[in-house]
Amino acid sequence: MLKARGRMAPVTFHAPGPHWPATVAEAEAEQDRLRPLADLDSPGPAEVGLVAGLDVGYLDDDEVVGAVVVLDAASLAVVERAVVRQRASFPYVPGLFAFRELPPLLAALDKLSVRPDLLVCDGYGLAHPRRFGLACHLGVLTGLPTIGVAKTPFVGEHAEPPPARGAWSAIRLDGEVVGRALRTREGVKPVFVSQGHGVGLDNACAHILRLSPAYRIPEPIRQADHLSRHP
DNA sequence: GCGACAG
DNA sequence: ATCTTGTCGC
């Protein structure tokens, strides 16, 4: 007899449960355990149909708002939005950012009725003290290609990229290239792009540039940021 | 020891 | 992240 079951959610994940880390040591161990599972070698899709931007907003009393906005990659038209409000399950600790933002983001992703081809995260991926930032973590948990885009530098060193839109400079950490400072608007401060999962750095930057036709911040993240502030 | 530190 | 005025420029 067939097992009765409802529609499978288009994006599934390991929901934060009893195994969710409660201490810094546990969280760091979890990053070390998952790091080998991140795909940093695939060039990734050069073209995508649906792109999702993700961001988390903060309310009083340790409440967080996870927001996801799915856009048509070609037109940048909004296809679907999802928001969730919940209690924060981890404090903000630089380097362990994912454990604070992952729960609301996964919950929001789970509400989608479509499956994005690419996730653009607000934060870092490979450019991380243990090479496993939010974008890598989200990619491993969902299995979807991810890119990390941060607004401020976090680790490593980088030169000031030339002023033209599209110009970039490498972010180096311990002699390795872990990302790029990418200029998405002429004469405006660059954004910091790093690999998450299943997308190469060249492709990641090409996607971010196309997704930022008018503003410094890529459209998917701008939309998600707006939604996280106006649930 | 002290400062810095994605959001 | 969030608390916050005015100002310069497209």
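First the proteins, then the strands, lettered A, B, ... as listed; each starts at 1.
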Acceptor/donor pairs from residues 172-180 of chain A side chains to any protein atom, 3.5 angstrom cut, sequence neighbours excluded:
from: A:Glu176; atom 1: OE2; to: A:Arg131; atom 2: NH2; distance (Å): 3.3
from: A:Arg180; atom 1: NH1; to: A:Asp202; atom 2: OD1; distance (Å): 3.3
from: A:Arg180; atom 1: NH2; to: A:Asp202; atom 2: OD1; distance (Å): 2.5

Under 3.5 Å, sequence neighbours excluded: what are the donor-acceptor pairs made by side chains of residues 118-125 of chain A?
from: A:Asp122; atom 1: OD1; to: A:Lys151; atom 2: NZ; distance (Å): 2.8
from: A:Asp122; atom 1: OD2; to: A:Lys151; atom 2: NZ; distance (Å): 3.2
from: A:Tyr124; atom 1: OH; to: A:Thr152; atom 2: O; distance (Å): 2.7
from: A:Tyr124; atom 1: OH; to: A:Phe154; atom 2: N; distance (Å): 3.4

How does each nucleotide of nucleotides 3-10 of chain C score, in 5' to 3' order, for protein heavy atoms under 4.0 Å: base (B), sugar-phosphate only (S), or none (-)? --------
For each nucleotide in nucleotides 1-7 of chain B, reading 5' to 3', give B when a protein heavy atom comes within less than 4.0 Å of its base, S when such contact involves only the sugar-phosphate, and - otherwise. ----BBB
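Minimum heavy-atom separation, A:Arg130 to A:His128: N-ND1, 2.9 Å. Nearest heavy atom pair, residue A:Val48 against residue A:Ala73, reads O-CB, 3.2 Å.
Between the CZ atom of A:Phe90 and the C1' atom of C:dA1 there is a distance of 17 Å, rounded to whole Å. Protein atom CG of A:Asp225 is 10 Å distant from nucleotide atom C1' of C:dA1, rounded to whole Å.
Nucleic acid contact for A:Arg185: none, since no nucleic acid atom lies under 4.0 Å from a heavy atom of the residue.
At a threshold of 4.5 Å between side-chain heavy atoms, the hydrophobic network of Ile, Leu, Val, Met, Phe, Trp and Tyr places A:Leu40 and A:Phe132 in two separate groups. Residues A:Val191 and A:Leu71 share a single hydrophobic cluster, defined by chaining ILVMFWY side chains whose heavy atoms lie under 4.5 Å apart. The hydrophobic cluster containing A:Val51 also contains A:Val83, counting ILVMFWY residues as joined when their side-chain heavy atoms lie under 4.5 angstrom apart, directly or transitively.
In secondary-structure terms, DNA chain C builds no stem of at least 3 consecutive Watson-Crick or G-U pairs having both distances under 3.5 Å.
In the model, A:Ser228 has no side-chain atom that pairs as donor or acceptor with a side-chain atom of A:Asp225 under 3.5 Å.
A salt bridge (charged side-chain N to carboxylate O under 4.0 Å, His left out) check over residues 156-170 of chain A, counting only residues at least two apart or in different chains, returns the pairs A:Glu160-A:Arg183.
Residue A:Arg81 places its CZ atom among 12 or fewer non-hydrogen atoms of other residues, nucleotides or ligands, all under 6.0 Å distant.
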